[in-house]
Participant: 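This is the structure I have questions about; it appears just below.
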Amino acid sequence: EQQLNHLCVDALFNNEQSTLPLSNLLFEKTQGNPFFVKQFLNSLYQDELIRYDLGRDKWTWDLHRIEDQNITHNVVDLIVANLEQLSPGTREVVTLSAAIGNQFDLSVLAHVADKSVLETAHTLWNALDVGLIRPIGSLYRFFSNPGSNKIQPDEFKSKTQDWLKAGDQNFFSKIEYEFVHDRIQQAAYNLIPTEKRNETHLKIGRLLLKNTPLEQQDEKLFDIVNHLNLGSSLLTDFSEKTTLARLNLSAGQKAKASAAYDKAVDYLMAGISMLGDDCWQNQYDLCLALHSEAVGAANLSARFEEIDRFADPIMQNTTDIMDRVCVYGARIAALQAENNMVDTLKVAREVLRGLGVRFPKKATMAHVLFSLIWTMIRLRGTKPEQIINLPEMKNDKALAIIRILTDATATAARSEPNLLLLMAFEGVKLTLKHGIMSGTGYWFVGYGMLLIIALDDIETGYKYGKLTQSLRDKFGIG
């Protein structure tokens, strides 16, 4: 509040005691936000509630008049008032800019507004002048304020042709602007009639998809998909809906990879909604991929109550156990969350049996010792340091088995330690046959520990412990 009063002192050439009541009112209205302070002061000046008194040669104001004018306590209304003072053409372009996002480039905005680039750039100057938007970079300066008459259409056309001849097809997409504050963007967006918003977003999404080079689509994937999803209710073309379903699949996978699991579920649900009732018959791979990824994302986001929504269609429309592995993995996770150890291992055994891996109903030490001997025979002639040079595991079935083994290990460790060791031996066997992967080290830890405990082979057991750390380093696991 003290800093705000200093601002008033400097701006109005007055003393601190005189400006204190005004600065207190400013703080009450704006909470000290610099942009809102500026907007509020401009509003007071435009309404002549703050004015320069020539006779007294000083700035004056009347707090009672200011309060009597019922100036809103909501700064958004101030912003809307400023937006409404823009010329109709500028206001329309600014609202379309708000639909694009907090940042936008001249090329997309011109397409959305159905105007030339030159006309769009000139139209934005009014919004630049009043401080609602600001440029990013300096390229915007080529388009001088239309009032200055420095740029003529013929000159602009000539320059444009020069850029295009030079191969700079995306020059105008490099001319970018941004809203000064997100509340300005929201206020501008709210000026778009509700019934026009979906149509506007669909148009923006189509333009972004069409004009974004393939090699840049991943970078702008979320922007493209977000706009298309907002306008998806207007889609009728089967091909376009399928394209959007695939884009949502990619967006869901990208969001899941960055640990944005809730967002991933939303994208995947949107993708599923684009498919018809007959998608399992006509678009099996896409349908399965969307549902499988949704099961995994819902599991990772702990939205267990939603898993069946995605899992049930998979179980109803598939017969290959490989297509069902994701469902079993999610059910194991849900059962573990409920601390239901018996059913967790029951489901794990069931799916592993379907994948060709059988474990005894009750693992004993005899089973462990027998498997240990077989594992030692398999490893005969293979040094621990050689394993790290094995190829990476690619076999889908082997990866599915490893996934289920990994999902069930925590429960096995707590309720059936002997089963845990059998799982480790199975992991070692798959590694020797199909190669290494990020979780391979875990299986060799179990094997190395058993060598130390059961056979007192500390040296070899230690080497397998070192192998585990080397594998973690190789796959970038901290």
Side-chain angles (χ1 to χ4, degrees), residues 205 209 217-230 232 235 240-337 347-348 351 354-355 393-408 437-439:
L209 181 60
Q217 277 194 11
D218 184 67
E219 179 185 344
K220 295 188 176 182
L221 180 62
F222 291 143
D223 287 337
I224 294 170
V225 174
N226 289 342
H227 283 296
L228 289 174
N229 282 346
L230 287 169
S232 62
L235 293 178
E240 193 170 16
K241 293 174 77 170
T242 299
T243 296
L244 182 53
R246 294 188 186 281
L247 288 170
N248 272 292
L249 173 60
S250 297
Q253 291 169 331
K254 185 176 181 179
K256 190 169 77 167
S258 61
Y261 303 127
D262 282 322
K263 197 65 180 173
V265 173
D266 293 340
Y267 282 125
L268 295 162
M269 287 175 59
I272 291 170
S273 71
M274 289 293 98
L275 302 178
D277 296 334
D278 58 352
C279 67
W280 288 101
Q281 289 73 43
N282 299 324
Q283 297 169 289
Y284 182 86
D285 291 341
L286 177 58
C287 196
L288 176 63
L290 283 164
H291 283 84
S292 298
E293 290 286 352
V295 167
N299 180 24
L300 290 168
S301 62
R303 291 162 66 169
F304 300 120
E305 71 283 355
E306 293 187 49
I307 289 177
D308 286 345
R309 175 181 179 180
F310 309 119
D312 288 348
I314 295 176
M315 300 302 288
Q316 294 164 7
N317 293 281
T318 63
T319 55
D320 189 338
I321 193 168
M322 289 292 293
D323 292 342
R324 297 180 170 191
V325 167
C326 67
V327 176
Y328 288 115
R331 287 181 176 173
I332 288 171
L335 290 168
Q336 285 178 327
V347 172
V351 65
L355 292 167
M393 187 180 292
K394 300 291 185 182
N395 183 276
D396 289 339
K397 185 174 181 180
L399 288 169
I401 294 170
I402 289 292
R403 172 178 177 172
I404 298 301
L405 290 174
T406 303
D407 289 342
M437 42 88 70
S438 58

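All values below come from the heavy atoms of this structure, side chains included, with hydrogens, waters and symmetry mates left out.
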Participant: Counting only heavy atoms not in R246 (residues, nucleotides, ligands), do more than 12 fall under 6.0 Å from its CZ?
Facilitator: no
Participant: Of the non-hydrogen atoms in A311 and V295, which two are nearest, and what is the gap between them?
Facilitator: N-CG2, 3.8 Å
Participant: Suppose we screen for side-chain hydrogen bond (donor to acceptor under 3.5 Å, both in side chains). Which residues come up paired with D218, at least two apart in sequence or across chains?
Facilitator: none
Participant: Answer yes or no: does atom CG of D277 have more than 12 heavy-atom neighbours from other residues, nucleotides or ligands under 6.0 Å?
Facilitator: no
Participant: So which atom in A270 and which in N248 form the shortest heavy-atom distance, rounded to 0.1 Å?
Facilitator: CB-OD1, 3.6 Å
Participant: Using 0.5 Å steps for rounding, measure from the CG atom of L275 to the SG atom of C287.
Facilitator: 5.5 Å
Participant: Looking at every heavy atom in both N299 and A333, which two are closest together, and how far apart are they?
Facilitator: OD1-CB, 3.0 Å
Participant: With a 4.5 Å limit on heavy-atom distance, are the side chains of Q281 and N317 in contact?
Facilitator: yes
Participant: Less than 4.5 Å apart, side chain to side chain, heavy atoms only: is that true for S250 and L221?
Facilitator: yes
Participant: Is the backbone of M315 close enough, under 3.5 Å, to the side chain of R324 for a donor and an acceptor to pair up by distance?
Facilitator: yes
Participant: What I'd like to find out is whether the side chain of V351 reaches to under 4.5 Å of the side chain of V327, using heavy atoms alone.
Facilitator: no
Participant: I want to check something: taking the side chain as every heavy atom from C-beta on, are I321 and Y328 in contact at a cut-off of under 4.5 Å?
Facilitator: yes
Participant: First locate atom CD of E293, then atom NZ of K256, and finally report the distance between them rounded to the nearest 0.5 Å.
Facilitator: 3.5 Å
Participant: Return the minimal non-hydrogen interatomic distance between D308 and P313, and the atom names on each side.
Facilitator: O-CD, 4.1 Å
Participant: Give a yes/no verdict on a cation-pi contact between K254 and F222, requiring under 6.0 Å between NZ or CZ and the six-membered ring centre and an angle within 45° of the axis.
Facilitator: yes
Participant: Can you sort out the partners of Y284 under ring-ring contact (aromatic ring centres under 6.0 Å, His included), two or more places apart, ordered by chain and number?
Facilitator: W280
Participant: Rounded to the nearest 0.5 Å, what separates atom CE in M393 from atom CD1 in I402?
Facilitator: 4.5 Å
Participant: Can you find a side-chain donor-acceptor pair between N226 and Y267 that sits under 3.5 Å?
Facilitator: yes
Participant: Mind checking the NZ-CE spacing from K394 to M437? Nearest 0.5 Å is all I need.
Facilitator: 11.0 Å
Participant: What are the two closest heavy atoms between A245 and L290, and how far apart are they?
Facilitator: O-CD2, 3.9 Å
Participant: With a 4.5 Å cut-off on side-chain heavy atoms, are D262 and R303 touching?
Facilitator: yes
Participant: Any side-chain to backbone donor/acceptor pair from S301 onto A298? Under 3.5 Å, distance only.
Facilitator: yes
Participant: Find the distance between CG (L228) and CE (M274) and round it off to the nearest 0.5 Å.
Facilitator: 10.0 Å
Participant: Nearest heavy-atom pair of A294 and I272: which atoms, and what distance?
Facilitator: CB-CD1, 4.5 Å
Participant: For the backbone of A398 and the side chain of N395, can you confirm whether one donor and one acceptor N or O come within less than 3.5 Å of each other?
Facilitator: yes
Participant: Can you tell me how far apart CG (L399) and OG1 (T406) are? Round to the nearest 0.5 Å.
Facilitator: 10.0 Å
